[in-house]
Every structure is written in structure tokens, then in C-alpha cells.
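I'd like to ask you about the structure that follows.
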Amino acid sequence: QMKTTTIALWTISVMAGLLAGCGGNYYRVNDPAGGDRQYYTSDIKETRTGAITFKDEKSGSVVTLQSSEVKEISKDEFKAAVKPEEQKSK
């Protein structure tokens with residue numbers, strides 16, 4: 001019985017580690033009303049009025065848009081888009 005418990009604990013630990021490593025969605029948000037300006041974020045919230053609000057990772061600003069185009073992107077694309085701004089501020 002001890003062996004079964006150990007195997008179960010290992011399985012749970014490995015699965016929790018894998019799920020933690022896979023977490024995180026990344027988005028590119030286009031603002032068609034603002035001349036197709038692009039924002040990058042990992043968290044988007046929808047307001048009661050249908051607008052979206054999020055923190056732009058490039059500028060650090062909280063942005064609210066009534067009209068937007070949201071596309072899920074890869075972590076690599078997100079990092080490449082955000083990285084130049086981080087280096088400028090150092």
C-alpha cells in the first residue's frame with residue numbers, strides 16, 4: 001500500500017508541475033479605431049458594457065477599448081514584441 005501511495009503522490013506532483021508550466025495565454029490586441037495600434041497582454045477582462053480592459057506589457061499602461069481585435073499569440077512572439085521596451089527602460 002505504501003508503494004501505491006508513493007506512486008500516486010509522484011503522479012500528482014508531476015501533473016501539477018506540467019500544468020503550472022503550460023499556463024499563460026498571450027494576446028496581441030489591435031485597436032482599429034486608433035490607427036491599428038497594437039498592444040500586448042497576458043490578461044484581458046471584459047467590462048459590463050462589452051469593452052475590454054488590460055495592461056499593455058510594452059508601456060505598462062492600463063488600456064480600455066470599445067472596439068478591438070484580439071489574437072492569441074505564442075509566448076515567443078509575445079516576448080519578442082515586449083522585450084525591446086524592457087531593454088530601453090534599463
Side-chain angles (χ1 to χ4, degrees):
Q1 180 168 4
M2 184 69 142
K3 192 172 188 175
T4 304
T5 304
T6 304
I7 291 171
L9 287 174
W10 266 104
T11 303
I12 291 169
S13 297
V14 169
M15 289 180 70
L18 288 174
L19 289 173
C22 294
N25 294 328
Y26 302 94
Y27 305 97
R28 180 178 61 229
V29 181
N30 292 337
D31 177 10
D36 278 334
R37 181 162 180 192
Q38 294 184 338
Y39 302 95
Y40 294 87
T41 188
S42 57
D43 185 35
I44 297 175
K45 293 180 176 54
E46 189 171 349
T47 67
R48 288 181 290 148
T49 61
I52 61 168
T53 184
F54 57 90
K55 179 180 177 186
D56 177 34
E57 295 296 333
K58 284 184 88 168
S59 68
S61 300
V62 175
V63 179
T64 302
L65 298 174
Q66 287 293 332
S67 174
S68 60
E69 298 170 359
V70 179
K71 180 179 182 197
E72 192 167 346
I73 60 175
S74 70
K75 183 177 182 179
D76 291 338
E77 186 177 347
F78 178 83
K79 283 186 169 188
V82 173
K83 189 176 181 181
E85 286 298 318
E86 289 176 357
Q87 288 178 344
K88 287 179 193 174
S89 64
K90 288 184 180 178

Check ion pair E77-R28 (N to O, under 4.0 angstrom): yes
Validation row: D31, Q38 side chains within 4.5 angstrom (heavy atoms): no
Measure the shortest side-chain to side-chain distance between I73 and Y27 over non-hydrogen atoms and say whether it is less than 4.5 angstrom.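 No, too far: nothing below the 4.5 Å cut-off.
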How long is the straight-line distance from OH of Y40 back to CG of D56, given to the nearest 0.5 Å?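 OH of Y40 is found 9.5 Å from CG of D56.
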Roughly how far, to the nearest 0.5 Å, is the CD atom of E72 from the CD1 atom of I44? 9.0 Å
Given Y39 and L65, is the side-chain contact (heavy atoms from CB on, under 4.5 Å) satisfied, shown in steps? CA-CA 11 Å; Y39 302 95; L65 298 174; 4.1 Å; yes
Please check: side-chain N/O of S42 versus main-chain N/O of Y26, any donor-acceptor pairing under 3.5 Å?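 Side chain of S42 to backbone of Y26: no pair is present.
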Smallest heavy-atom separation, S68 atom then P32 atom, equals CA-CD, 4.0 Å
Sidechain-backbone polar pair: S61 side chain, V63 backbone, donor-acceptor under 3.5 Å: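 A pair under 3.5 Å: no.
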Given F54, which partner from the list V62, V29, V70 fulfils the side-chain contact (heavy atoms from CB on, under 4.5 Å) test?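 Between F54 and the candidates, side-chain contact (heavy atoms from CB on, under 4.5 Å) is satisfied uniquely by V29.
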Set out, in order, the CA-CA distance, both residues' side-chain angles and the distance that settles side-chain contact (heavy atoms from CB on, under 4.5 Å) for T49 and Q66, then state yes or no. CA-CA 8 Å; T49 61; Q66 287 293 332; 3.9 Å; yes
Measure the CG-CZ distance between N30 and R37 for me, rounded to the nearest 0.5 Å.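 One gets 11.5 Å once the value is rounded to the nearest 0.5 Å.
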